[in-house]
Amino acid sequence: MSSSGDAIAPLLPGATIGILGSGQLGRMLALAAREMGYRVHVFSPGTDTPAGQVADREFVGEYDDGDAIRAFAKDVDVVTFEFENVSSLATDAAAEVTRVHPAGRVLHTTQHRIREKTFLRDAGIPVPGFREINSLADLRSAADELGIPAVLKTASFGYDGKGQQKITPDDSLERILENLEGAQGIYEAFVDFEKEISIVAARTVGGEFKAFPVFENVHTNHILDVTFSPARITQEVSDKATEIASRVFDALDIVGVTGVEMFVTKDGDVLVNELAPRTHNSGHLTLDGCVTSQFEQQVRAVCGLPLGETALHSPSAMANLLGDVWQNGEPDWSAALRESRIKLHLYGKAEARPGRKMGHLNASAASVDEAIDLVCNARSQLAS
Ligand SMILES: Nc1ncnc2c1ncn2[C@@H]1O[C@H](COP(=O)(O)OP(=O)(O)OP(=O)(O)O)[C@@H](O)[C@H]1O
Ligand SMILES: [Mg+2]
């Protein structure tokens with residue numbers, strides 16, 4: 001039932017879920033959906049993709065080809081996402097034919113950092129200070145007003161820290177602007193954070209909201225390296241983060257799963273860094289550590305089913321496996337799996353490039369420290 005009173009029948013097992021994008025998030029979503037008896041169609045420009053390998057059907061097309069998107073959407077009961085940088089043209093085309101969750105307007109807001117931060121700020125959500133950058137004059141006044149150090153990011157299409165420059169007092173602003181290569185930028189005050197956390201949560205058409213326990217994230221070279229939960233934060237910070245996430249979902253009227261990345265400052269303030277209107281890398285430990293995985297939760301949310309329990313079974317950790325692990329040839333999987341609590345997840349990607357997310361390891365244990373040790377030790381066995 002929707003809160004507005006119009007009954008929207010849930011999509012029951014047997015229905016077909018359409019996924020735009022075909023990487024690892026789509027793969028794990030497709031696997032969860034198929035376990036529950038749904039059919040899965042994926043759409044992306046690639047073939048034999050991580051998600052396509054496990055889907056019922058793999059549609060090949062460009063995200064800006066409205067006709068191809070409409071043809072894809074016609075055969076499914078709901079369209080959802082694993083890749084958020086699809087244009088409004090694509091989401092509008094899909095919405096002409098079927099349900100789309102989250103709505104295209106959510107993607108439109110979150111795929112552009114200035115739109116996203118402006119929306120959040122105007123909704124009263126705490127975010128770092130920021131300014132729009134289109135010229136050297138903009139950059140100079142941002143530096144005056146927000147100070148240095150700072151981070152300059154491209155407004156669109158950044159991931160894994162790509163398109164980001166840290167600005168320090170020794171940098172020439174002319175040079176920094178040149179590196180933007182004419183793209184629009186966003187200047188952000190540098191947050192001297194104590195830690196990075198994320199909340200992955202889900203919301204249904206009827207307004208039911210459930211968050212997973214807070215994840216604590218450690219990045220290396222701007223790429224997520226290790227996540228664990230429970231996070232090493234106070235109950236007060238945990239409650240604050242969850243409350244902020246719930247306000248984000250309401251403000252954007254999100255139906256589906258979204259990851260909310262946040263900074264915790266030394267004073268215990270929580271600031272939102274960015275939103276991902278889909279499942280999130282930090283939520284991968286839910287596959288083995290929680291009653292419901294983030295992927296099953298996405299299925300439930302977009303199909304209008306009641307949400308699943310999000311509690312952890314026990315303290316859990318996840319370590320990403322990047323292509324770098326393959327530098328000495330095929331990793332020694334049996335060495336990592338000798339510790340029987342290690343769970344291996346691989347995404348079916350043929351080519352292991354440095355920095356490319358190829359898989360991850362999960363472990364649960366009696367304490368979060370032990371879970372972290374398990375995944376880190378197992379990973380170090382892989383490439384020895
Ligand atoms: N304003 C900031 N102050 C301090 N550190 C920052 C700031 N913005 C980003 N960072 C650091 O850079 C990382 C990547 O930033 P952000 O999440 O905005 O970019 P991204 O390219 O979308 O990365 P990802 O795909 O990993 O989420 C953050 O997790 C954080 O470690
Ligand atoms: Mg990020």
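Just so you know, these numbers use all the heavy atoms, side chains as well, and skip hydrogens, waters and symmetry mates. Residue indices begin at 1 and follow the sequence shown.
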Requested in this report: Is it possible for you to check whether Lys166 lies under 6.0 Å from the centre of the six-membered ring of Phe190, through NZ or CZ, and within 45° of that ring's axis?
Outcome: yes
Requested in this report: Look at the side-chain heavy atoms of Ile, Leu, Val, Met, Phe, Trp and Tyr, link any pair under 4.5 Å apart, and say whether Ile176 and Ile133 land in one connected group.
Outcome: yes
**Report entry** Cluster overlap Ile148 with Leu136, hydrophobic side-chain contacts below 4.5 Å
**Finding:** yes
Query raised in the report: Under the ring-ring contact (aromatic ring centres under 6.0 Å, His included) test, which residues partner His112, sequence neighbours left out?
Result: none
Query - Listed partners of Phe295 passing ring-ring contact (aromatic ring centres under 6.0 Å, His included), at least two apart - result: His284
Query raised in the report: Can you list the residues that meet the salt bridge (charged side-chain N to carboxylate O under 4.0 Å, His left out) rule with Arg70, with sequence neighbours excluded?
Result: Asp67, Glu96
**Report entry** Option among Asp288, Thr310, Thr286 that satisfies the side chain to side chain contact (heavy atoms under 4.5 Å, CB included) test with Ser293
**Finding:** Thr286
Report task. Determine the sole option in Ile197, Val200, Leu224 for which the side chain to side chain contact (heavy atoms under 4.5 Å, CB included) test with Phe215 is passed. Result -> Val200
Query raised in the report: Do the side chain of Ser229 and the main chain of Ser316 share a donor and acceptor less than 3.5 angstrom apart?
Result: no
Requested in this report: Begin with the C-alpha distance, continue with both residues' side-chain angles, and end with the deciding distance and a verdict on side-chain contact (heavy atoms from CB on, under 4.5 Å) for Trp333 and Leu346.
Outcome: CA-CA 11 Å; Trp333 301 116; Leu346 288 175; 3.6 Å; yes
Who passes side chain to side chain donor-acceptor pair (under 3.5 Å) against [X], sequence neighbours left out?
X      : result
Asn320 : Asn281
Asp75  : none
His280 : Glu261, Ser282

Query raised in the report: What are the two closest non-hydrogen atoms of Gly256 and Ala301, and how far apart are they?
Result: CA-CB, 3.8 Å
